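See below for the structure under consideration.
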Amino acid sequence: MIPYRSGQLFGLSDEQGKMILSPQYEWLQWMQGSWFLSSKQIAVRDSVEASSGKFFVRNITVTQTGLIHNGEEILKEEPFDYYEIVAQKCIVAVFKGTGKPLTGEQFKKYGQQRKSFSLFNLEGKNLYPESFKRIENVDTAGVSSKDKKAARYLLFVAMHFDNSYSMFVFDTDQQKISDWLVKNALKIASDVKQPSGKTLPFIVTDKQGMRSAKILDYSTGKFILHSGGTLNPPPEKEKRIERVEISEVDAGVYAEVAAPNMIDEKGSGKAPEFIPYHILIKDTLYYLKNHDKKYPVRLSKGGTVILTVPRGMTQYQPVIVKNENRFYIVKEDKPGAVAYDSLVYFGTDFLAWKTINGQTKAGLINANDSVLVPLQYDSIYAGIKLFNLKDKNPAGKPNYQIVLREADSKYDYGNTYPYKRTPTNTLTVFKGGKCGVITIKGDTIIPIRYDLIAQNDLAHSKPKVDDFLLLKQNGFYGIASLKYSSEQKRQELSFIAAPAFEYIPAFYYPDYFGVKGYKLIGLYNEQMEFKGYASEKGMPFYKD
């Protein structure tokens, strides 16, 4: 089943687009298996009583959520923000108390709570009339008579809103709470740091302050509670049963490493060879040939020195100099004879733009002005740019626009330095209004035939996949990846879905609905509005 949008509402269809559940929801999202999260708005005409005793008459619209399983509504018109299908056997629903509007009945139950948990069976029946302040699935036991690969019993520890604790067992076959092992205790504390085997020793403190030892044995396939007797008054600190996240850190191994080419006290050994470099002192560029002698670089009047590091002073590679809007590479103590329209540091090489036959062309050169990638492209840049949609008017009506950022700026939120790019094995090149991708040796990876090539930078949570290339051709979007070919000794283009989408593919499910290899693609328009889903073959599951 696939969420199908008709107009502004979503329903469910099969893979051929035949409706299974008519469009009636503002939102439908696949969760796992055959479970879907639904959302719809309902009109509320009622009155609620505030803590001051005053009544407020309301005429509002509230957003309600629900769960759909196998095309049938299990929960509907609920206030919950999130649902978890625990072991595919029961449902934990979470209300976050975010201040969103509630119905009158919901306001009485949840209006004063910041966060609460409710437990339901797979038929949507509330298993405990009150909500919990916290609930934790501790372990499983037994074998289900309906599924030999699944456990029958789930053990939960819950915290109530009076801060008392309970421990109970949920029978997955009977779809009900089968046993309350502990009810409304003041504390439930583990008696060991890490339980071993199928026993769990713990200490229960009741509301009268009496402590008793308990041993939970589930070696026989059922949770059986044994008493260990009454204990002394409690210590100052007890560890409650709760989830503990353990960070595994590998111990570092340290060893002394001798520095190479060091001169000892007796003068033995060889000093490292001096590496000539340039140094900028008070707007004058010098070239150092040894440790203590420097020679001024002969620059034309008005020449500007451009180093790899903004406001830097020293550089161990050739320096770019700009003079009268022309760029040159410094050769030791003077600029070279070849003039360029622009130069950008690219490791030890340079991205270069130069006027050829009256037109500016781009390519890749080295410090000796030797051409590595022919200067035949309209433009060129390092790697592949990042694709995102940014709101240009965050304080008012949203105005999203496509933004292509340099790959260097992915984790840099400042302005990208215009004269330096991190060296990569790939270059994006442009010619005649189209773009492609080549290697730094000039080999073609993606032919120059696309309107857009960019790395998707629209982030989504798992199981959605958003790490792919976006390609646009003839007005349609597609998605692809670069895979290394051991035969060609380079990366090659591999299509995930060829250009066939009128909207932007922002993510895809790799094995949607548990069907191995079936890809369902989520689409957005340029205003960051979700438009619906499509198959990897381009079949749309939406109708405007």
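Just so we're clear, the structure is a prediction, and the values are computed from it rather than from any experiment. Only this structure's heavy atoms are used, side chains among them; waters, hydrogens and symmetry mates stay out.
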Q) Excluding sequence neighbours, so at least two apart, what forms side-chain contact (heavy atoms from CB on, under 4.5 Å) with D544? A) R5, Y503, K531

Q) Under the side-chain hydrogen bond (donor to acceptor under 3.5 Å, both in side chains) test, which residues partner D467, sequence neighbours left out? A) Q455

Q | Partners passing side-chain contact (heavy atoms from CB on, under 4.5 Å) against K397 (at least two apart in sequence or in another chain) | A | none

Q: Indicate, with yes or no, if the rings of F170 and Y153 have centres closer together than 6.0 Å.
A: no

Q.
With a 4.5 Å cut-off on side-chain heavy atoms, are L469 and I479 touching?
A. no

Q. Taking 4.0 angstrom as the limit, do D171 and K176 come out as a salt bridge?
A. no

Q: Return the set of residues passing ring pair (Phe, Tyr, Trp, His ring centres under 6.0 Å) with F507 (not counting sequence neighbours), or none when no residue passes.
A: H460, Y509

Q: Measure centre to centre between the rings of W180 and Y128, then say whether the value is under 6.0 Å.
A: yes

Q: Not counting sequence neighbours, which residues clear side-chain contact (heavy atoms from CB on, under 4.5 Å) with T140? List them please.
A: A151, L154

Q: With sequence neighbours excluded, tell me which residues meet ring pair (Phe, Tyr, Trp, His ring centres under 6.0 Å) with F541.
A: none

Q | Sole residue of E77, Q106, K76 in side-chain hydrogen bond (donor to acceptor under 3.5 Å, both in side chains) with Q64 | A | Q106

Q) Are F530 and Y524 close enough that their ring centers fall under 6.0 Å? A) yes

